[in-house]
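The block underneath contains the structure these notes are about, expressed in structure tokens.
As the structure lists them, so they are numbered: ligands from 1, and atoms in each ligand from 1. Position 1 is the first residue of the sequence; numbering continues from there. Computed from a predicted model, the values in this text were never measured in an experiment.
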Amino acid sequence: MFGNLETLPPDPILGVTAAFRADPDPRKIDLGVGVYRDENGNTPVPAAVREAERQVLAAQSSKTYVGPLGNPEFNERIVALALGELAGTLRERTATIQTVGGCGALRMAAELLHAASPGSVVHVSDPTWANHEPLLGNSGIALQRYPYYEPATRSVAFDRMLEHIEGLPAGAVLLLHGSCHNPTGVDLELAQWRAVADVLERRGVVPFVDLAYQGLGDDLETDVAGLRLLAARLPTLLLAISCSKNFGLYRERTGALAVIAENAATARAITTHQARIGRRMYSMPPDHGAAVAARVLGEAQLRRAWQDETVAMVARMKALRALLAGRLAGRRPDRDFSWLTGQRGMFSLLGLAPAGIRALCVEEHVYVPPDGRINIAGVSDANVDRVADALVRVLERR
Ligand SMILES: Cc1ncc(COP(=O)(O)O)c(C=O)c1O
């Protein structure tokens, strides 16, 4: 039956973790997979999340099914976290389903788009997160890329991006990273979000926002300012939410897809399709992570404690950026590394040539994915000098 299947190459990001684990060198450093790490290299469960878990388990009287749309309190609270007061205004026009993490939300959105409008094309940023294209494209929806990043200036290629959007037909879909662009770390400024909204509105292009890092760029409000601007102005918007990073719920697979429709009747119809897509793929989402996130958001004390923990995560990542930029500048005063501190979130593109990226992994035992993205949270006081030494040695490899 399966004898004709060839062994596939490893996933570009998960393969880095496997290579890191297999390396016996004690000096090895993992800057690969995008998980937050503390000073000891651990990916902690936030204390507020741990306490919410305790409360959820203590109150749980049954493990019967949650239903295809998942936990209604979670759905309402997570959308309110993203949209703020707008969530109330848009409630009747919003169709939300709890999903299997942010990946589940992205895939559910692609399935929904494909069902509603099989000819539509989703435009993703160039570059984008390595799993966007496989995850969305496997639904059958067509994908194209739009210019996003200018490697020479390490900034958004904004004129080219706008030009691309200007050329799109009505009904095209534009995937935007809500904050902490993965892999570049370079986000749109608010004025740029406004300019994008103008063009989307004029051209009838539908925004699709991937919100995987709310609260990890600047703060829980600033990180969604662009999203809220779009949601307030455009008739239709898709929003894929992940609770993996900001709640530390990675393995609980917690997320949501919210679709803002033109009117309440369309939103109700979308809900039935979301439920059917889920039912046909995996039937129902898992309970635990959503129940925990709902409790964190619903209990004032837990919510405050969790917010403080997101603030601490941001402070640590900003400090690490400054630390690494300083150590690199100390070693190579002829080069500018200030861009590292201007970026948002966990990621940075090093701009290394493929030979440099290979040398970093093979010779220096510093593991990064093939696009040369580093996870800043993998840097620590203990390893920053080794990271800086290794980077400087491979900077000019061609
Ligand atoms: C840009 C982006 N979107 C979505 C996700 C999905 O996250 P998850 O499915 O783990 O919630 C990730 C995770 O790395 C991401 O980086």
Side-chain angles (χ1 to χ4, degrees), residues 11-17 30-37 43 45-46 49 70 74 78 81-82 97-111 122-139 143 145 148-149 174-188 207-217 223-224 226-227 238-258 278 281-282 285-286 288-290 292-293 313 317 343-349 368-369 371 373-378:
D11 176 275
I13 297 177
L14 302 183
V16 179
T17 311
D30 181 7
L31 302 185
V33 72
V35 299
Y36 176 77
R37 292 184 201 280
T43 301
V45 183
V49 169
F74 166 76
I78 204 69
L81 181 71
I97 182 168
Q98 182 192 322
T99 57
V100 182
C103 286
L106 290 162
R107 182 55 182 265
M108 169 73 67
E111 297 285 343
V122 178
H123 295 254
V124 304
S125 66
D126 185 15
T128 198
W129 176 45
N131 203 23
H132 268 151
E133 287 170 306
L135 186 61
L136 300 170
N138 209 35
S139 69
L143 300 174
R145 290 185 173 201
Y148 183 78
Y149 183 63
L174 188 77
L175 182 67
L176 295 153
H177 297 223
S179 66
C180 309
H181 185 271
N182 183 358
T184 66
V186 175
D187 286 342
L188 296 177
F208 175 6
V209 179
D210 181 4
L211 187 61
Y213 298 92
Q214 184 180 0
L216 297 189
D223 290 356
V224 284
L227 162 70
L238 294 98
L239 173 61
I241 301 174
S242 165
C243 299
S244 297
K245 325 279 160 145
N246 50 5
F247 286 87
L249 282 168
Y250 307 84
R251 67 171 61 166
E252 303 299 351
R253 312 307 301 131
T254 311
L257 172 69
M281 284 202 288
Y282 53 81
H288 185 72
V292 169
M313 286 195 264
M317 286 187 289
Q343 298 173 345
R344 295 280 174 285
M346 293 207 266
F347 304 117
S348 247
L349 267 192
V368 299
D371 61 0
R373 181 194 84 174
I374 55 167
N375 175 9
I376 290 290

On a heavy-atom basis, which atom in [X] and which in [Y] lie closest, and how many Å separate them?
X	Y	answer
Gln98	Pro285	NE2-CB, 3.5 Å
Arg107	Asn138	NH2-O, 3.4 Å
Tyr213	Asn182	OH-ND2, 3.7 Å

Do His181 and Tyr148 have ring centres separated by under 6.0 Å?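 They qualify: ring centres under 6.0 Å apart.
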Once you restrict to heavy atoms under 4.0 Å, what part of Cys103 touches ligand 1? Side chain, backbone, both or neither.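 For Cys103, backbone and side-chain atoms both sit under 4.0 Å from ligand 1.
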Looking only at distances, please establish whether an N/O atom of ligand 1 is found under 3.5 Å from an N/O atom of [X].
X	value
Leu106	no
His177	no
Gly34	no
Thr254	no

Please verify whether a non-hydrogen atom of Tyr250 lies at under 4.0 Å from ligand 1.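 No, Tyr250 has no heavy atoms under 4.0 Å from ligand 1.
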Partners passing side chain to side chain contact (heavy atoms under 4.5 Å, CB included) against Asp210 (at least two apart in sequence or in another chain):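 Scan of Asp210 (side chain to side chain contact (heavy atoms under 4.5 Å, CB included), adjacent residues dropped) gives Leu106, His132, Leu175, Ala212, Ala240.
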Suppose I only count heavy atoms of Ser244 and a 4.0 Å limit; which atoms of ligand 1 are within that range?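 So the answer, numbered in order with elements, is 8 (P), 10 (O), 11 (O).
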Atom indices of ligand 1 within 4.0 angstrom of Arg253 heavy atoms, with elements: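 Result: 8 (P), 9 (O), 10 (O), 11 (O).
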Hey, could you give me the CG/CD1 distance between Asn246 and Ile241, rounded to the nearest 0.5 Å?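 Between atom CG of Asn246 and atom CD1 of Ile241 there are 9.5 Å.
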Distance check, rounded to the nearest 0.5 Å: Leu174 atom CG versus His123 atom NE2?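 Leu174 CG to His123 NE2: 8.0 Å, rounded to 0.5 Å.
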May I ask you to identify the nearest protein heavy atom to [atom], giving residue, atom name and distance to one decimal place in Å?
atom	value
atom 13 (C) of ligand 1	Lys245 NZ, 3.2 Å
atom 7 (O) of ligand 1	Ser242 OG, 3.7 Å
atom 2 (C) of ligand 1	Asp210 OD2, 3.4 Å

Quick one, Phe347 with Asp371, criterion side chain to side chain contact (heavy atoms under 4.5 Å, CB included). Give me CA distance, side-chain angles, the key distance, then yes/no. CA-CA 12 Å; Phe347 304 117; Asp371 61 0; over 6 Å; no
